[in-house]
Chemist: 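What follows is a structure written as structure tokens; I'll ask about it next.
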Amino acid sequence: MELQAKMREIENTPHEGKRKVETVWPILRIHHQMSRYIYELYYKKKQISKELYDYCLKEKWADPILIAKWKKPGYERLCCLMCIQQSNHNFKTSCICRVPKQNLHKDKVVECQHCGCRGCASGDQLIKQMGN
């Protein structure tokens, strides 16, 4: 319920001074959080039943396609589906946020133009774990 309240609040905030694409970023972040929460409850923590999980998907509380991608290797941290659709990007490649941070310039801040993600490559998490 908290996430729904946040979603309503974001939808009603004024958009003045923002680029057109920036107005959608908070909505996509909340959508991601809702999907991730349901994914974690069902697949990782096993705290909800299959019936409840199916109900959440049917009622559009979570994105079933995004959850299906999270179950595949290399997509565990995927931010949104637009970032892997090659037709949405120049040169028919994936989004800049999918590039591991080790392959980017250290001084440059990377931000996806579709959803505002600053890096969702699965390899980034492994690098952090190995460094600690």
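From a predicted model like this one, the values you see are computed outputs, not experimental measurements.
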Chemist: Answer whether the closest heavy-atom distance between the side chains of His31 and Met34 falls below 4.5 Å.
Modeler: no

Chemist: Looking at Lys71, I'd like to know if its NZ atom is crowded, meaning that more than 12 non-hydrogen atoms belonging to other residues, nucleotides or ligands lie closer than 6.0 Å.
Modeler: yes

Chemist: Indicate yes or no: at least one non-hydrogen side-chain atom of Ile27 is less than 4.5 angstrom from one of Met7.
Modeler: yes

Chemist: Rounded to the nearest 0.5 Å, what separates atom NZ in Lys106 from atom CD in Gln102?
Modeler: 8.5 Å

Chemist: Can you get from Leu66 to Met82 by hopping between Ile, Leu, Val, Met, Phe, Trp and Tyr side chains that sit under 4.5 Å apart?
Modeler: no

Chemist: Which atom names give the shortest non-hydrogen contact between Thr13 and Glu9, and what distance separates them?
Modeler: CG2-O, 3.0 Å

Chemist: Identify the heavy atoms of Gln113 and Trp25 that sit nearest to each other, and give their distance.
Modeler: O-NE1, 3.4 Å

Chemist: Assigning hydrophobic clusters by single linkage (Ile, Leu, Val, Met, Phe, Trp, Tyr; side-chain heavy-atom cutoff under 4.5 Å), is Val24 placed with Val21?
Modeler: no

Chemist: Please lay out, stage by stage, how Leu52 and Leu41 fare under the test side chain to side chain contact (heavy atoms under 4.5 Å, CB included).
Modeler: CA-CA 10 Å; Leu52 180 57; Leu41 284 177; over 6 Å; no

Chemist: With heavy-atom distances below 4.5 Å as the criterion, would you say the side chains of Ile67 and Tyr53 are in contact?
Modeler: yes

Chemist: Could you grab the distance from atom CG of Leu81 to atom OH of Tyr75, nearest 0.5 Å is fine?
Modeler: 10.5 Å

Chemist: For His32, enumerate each residue passing the ring-ring contact (aromatic ring centres under 6.0 Å, His included) test, keeping only those at least two apart in sequence or located in another chain.
Modeler: Trp70

Chemist: From Ile30 CD1 over to Glu2 CD, what is the distance, rounded to the nearest 0.5 angstrom?
Modeler: 10.0 Å

Chemist: So does Tyr43 have more than 12 non-hydrogen atoms from other groups sitting under 6.0 Å from OH?
Modeler: yes

Chemist: Quick one: does Cys112's side chain get under 4.5 Å of Cys79's, heavy atoms only?
Modeler: no

Chemist: Would you indicate whether the side-chain heavy atoms of Cys80 and Cys117 approach each other to under 4.5 Å?
Modeler: no

Chemist: What are the two closest heavy atoms between Ile38 and Ile48, and how far apart are they?
Modeler: O-CD1, 4.2 Å

Chemist: Looking only at heavy atoms, what is the nearest atom pair of Gly119 and Lys101, with distance?
Modeler: CA-NZ, 3.8 Å

Chemist: Among residues two or more places apart or on two chains, list those pairs meeting salt bridge (charged side-chain N to carboxylate O under 4.0 Å, His left out) that have a residue in residues 27-43.
Modeler: Arg36-Glu40

Chemist: Counting only heavy atoms not in His105, do more than 12 sit closer than 6.0 Å to its NE2 atom?
Modeler: no

Chemist: Looking at every non-hydrogen atom in both residues, tell me the closest pair between Arg98 and Ala121 and how far apart they are.
Modeler: O-CB, 3.2 Å

Chemist: Main chain of Gly74, side chain of Glu76: is a donor-acceptor contact present, judged purely on distance under 3.5 Å?
Modeler: yes

Chemist: Could you tell me which non-hydrogen atom of Pro14 sits nearest to which non-hydrogen atom of Glu16, and how far apart they are?
Modeler: CB-OE1, 2.8 Å

